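Please read the structure below before turning to the comments.
These figures come from a predicted structure and were not determined experimentally. Just so you know, ligand 1 is whichever comes first in the structure, and atom 1 is the first atom listed for that ligand.
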Amino acid sequence: MKFLILNAGSSSQKSCLYELAGDRLPETAPEPLWEAFIDWTVLENQGRLMVETPGQKQVIILETGDRQRGIARMLDTLVIGDHAVLKSLGEIDLVGHRVVHGGTNYAEATLITPTVQQAIADLIPLAPAHNPAHLEGIEAIGEQLGDVPQIAVFDTAFHRTIAAPAAEYPIPQAWTDLGIRRYGFHGTSHKYCAQKTAEILGKPLTELKLITCHIGNGASLTAIKNGVSIDTTMGFTPLEGLMMGARSGSIDPAIVLFLQETQGLTPAEINATLNKKSGLLGVSGRSPDLRVILQAKAEGDEQAQLAYAMYIHCFRRCLGAMVASLEGLDTLVFTAGVGENAATVRADVCQAFQFLGLKLDPELNDRSPRNAVISTPDSLVKVVIVHTEEDWAIAQDCWQWWHSQGPGKKP
Ligand SMILES: Nc1ncnc2c1ncn2[C@@H]1O[C@H](COP(=O)(O)OP(=O)(O)O)[C@@H](O)[C@H]1O
Ligand SMILES: CC(=O)OP(=O)(O)O
Ligand SMILES: [Mg+2]
């Protein structure tokens, strides 16, 4: 069976094609037959498409800012040119989509019907940087592949276990009844990393108190007890919590009212600024990319130094909150672009938690090993790096969905 997975982020489109045997899932992620990555941030009104098949890589510039057309061009590379791995797109059995916001209705991998598509559209105001990109992907696949089953795997699903005291906001009940609550995001990654950590430590997940730190462009922490999410830093939207690449994270809500009243800014303007022009980018005036900030900081740029110091401060403060929710901590897990690669962030964050008996091994940490422990043997809190495999986790959920349909019911 061939499963195509689309993982649309706020500024990128990651995709891969897996070949899976019908009867059993492999224990570790198989190498994809084909992988593609579109970066929409490098060039104005253009996309940079990178296509990779075993042993080969190619970069194609997409002469369009239109994401649906970009996805169509990306799908062409599956069947045309040096990277073709299929004779026709009709060979694809199923398409799985990462969908960031699913509200409270969706707990499991779900077949995308017109009703589900409408629900994803209705949630756009709560995930303005993500849900529109998912719909573009769903529509592009519908146009190119007709009625292939399309499955949504929701970032919010893993956090449905968060109990009311952590999930609800201290606002009037009438507002809570509007659906204003903590949903939490990056759930597919937090869940995958928790399972992988248990595997690395050789312990049952149900015996661990974990905090998973998914630190990419978007970033969130999750407190996991007995294998389930009990608290997380993102909330009603992916804006709450940590300071991120271009998102502010938590700020006093009165700032929004102040800006409306004194600067005449519209809700749309404030929303766009908090989601796309704040965080590391907003403070440094340079870039949302931590690598650029670290370089500028090393060159003595004061705004970059401040941006980095704030980034670490917010991270520590949020991590402290998760430790309190968990009433302890056995293992701290770092994942995603920053979490897996930026040794200095891990060291600076962990330094504040030495009082818990947490000891990072500086040499191991500097090497950024994949799927490995980086704390010392006598550390009371284990620290682990896990390479997140969101696409593979989505493929696994899709496979379960496929098999739950029963022989007579498969599309
Ligand atoms: N070696 C590195 N050092 C510091 N930051 C890095 C490194 N490699 C990647 N990153 C950061 O990871 C971010 C992307 O992470 P990723 O998980 O791919 O994010 P997303 O899925 O949200 O786009 C980049 O913005 C970059 O700042
Ligand atoms: C939910 C979210 O922030 O996703 P990403 O990190 O991919 O932007
Ligand atoms: Mg991501």
Side-chain angles (χ1 to χ4, degrees), residues 5-15 35 37-42 50 97-102 123 126-134 137 153-159 182-190 192-193 212-222 232-249 274-276 278-281 284 286-298 304 307-308 311-312 315 334-349 365-368 370 385-391 393-394:
I5 308 300
L6 297 193
N7 178 347
S10 40
S11 55
S12 67
Q13 170 71 60
K14 297 177 191 171
S15 315
E35 281 178 273
F37 179 82
I38 306 176
D39 189 339
W40 294 110
T41 62
V42 190
M50 201 162 76
H97 296 267
R98 172 195 185 204
V99 179
V100 161
H101 216 311
L123 289 163
L126 310 197
H130 296 89
N131 274 25
H134 307 320
V153 175
F154 297 94
D155 264 37
T156 38
F158 181 57
H159 299 297
R182 179 179 310 287
Y183 291 99
F185 301 91
H186 294 134
T188 305
S189 174
H190 288 296
Y192 173 85
C193 291
T212 45
C213 309
H214 177 108
I215 317 292
N217 272 316
S220 68
L221 312 181
T222 297
T232 192
T233 55
M234 281 182 170
F236 180 54
T237 75
L239 185 57
E240 195 182 344
L242 299 161
M243 173 174 169
M244 304 176 217
R247 283 174 242 167
S248 62
L274 293 177
N275 274 291
K276 296 185 180 157
S278 298
L280 290 173
L281 170 64
S284 71
R286 282 184 175 249
S287 169
D289 190 322
L290 184 70
R291 286 165 293 196
V292 176
I293 303 300
L294 290 173
Q295 178 69 35
K297 175 176 168 273
Y308 180 75
Y311 190 75
I312 296 299
F315 195 154
F334 287 95
T335 192
V338 173
E340 292 174 37
N341 298 300
T344 179
V345 169
R346 292 191 300 265
D348 289 340
V349 167
N365 182 48
D366 280 349
R367 271 191 259 144
S368 295
R370 258 190 187 184
I385 299 176
V386 172
H387 171 53
T388 192
E389 303 252 26
E390 274 174 310
D391 297 345
I394 294 168

Check ligand 1 against Val338 and write out every atom of the ligand that is under 4.0 Å from a heavy-atom position of the residue.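 Listed by number with element: 11 (C), 12 (O).
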Residue Lys14 vicinity, atoms of ligand 1 by number, heavy atom under 4.0 Å: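 Near Lys14, the atoms of ligand 1 are 18 (O), 21 (O).
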So for ligand 1, is Ser12 a polar contact partner (N or O within less than 3.5 Å, distance only)?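 So ligand 1 has no N or O lying under 3.5 Å from an N or O of Ser12.
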Can you find a non-hydrogen atom of Arg247 under 4.0 Å from ligand 2?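 Arg247 counts as a contact of ligand 2 under the 4.0 Å cut-off.
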Between Glu240 and Arg182 (salt bridge meaning N to carboxylate O under 4.0 Å), is one present in this structure?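 Answer for the salt bridge query: yes.
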Would you say His186 and ligand 2 have an N/O pair spaced under 3.5 Å apart?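 Indeed, backbone or side chain, His186 has an N or O that close.
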Can you tell me the protein heavy atom closest to [atom] and the distance?
atom	result
atom 7 (O) of ligand 2	Arg98 NH1, 2.9 Å
atom 20 (P) of ligand 1	Asn217 N, 3.8 Å
atom 1 (N) of ligand 1	Asn341 CB, 3.3 Å
atom 5 (N) of ligand 1	Arg291 CG, 3.7 Å

Identify the two heavy atoms, one from Leu123 and one from Gly102, that lie closest to each other, and give their separation to 0.1 Å.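 For Leu123 versus Gly102, the nearest heavy atoms are CD1-C, 3.5 Å.
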Give the contacting part of [X] toward ligand 2: side chain, backbone, both or neither, where contact means a heavy-atom distance below 4.0 Å.
X	result
His101	neither
His130	side chain
Met244	neither
Lys14	neither

So is Gly245 close enough to ligand 1, meaning a heavy atom under 4.0 angstrom away?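 No, that is not the case, since the closest heavy atom of the residue is not under 4.0 Å from the ligand.
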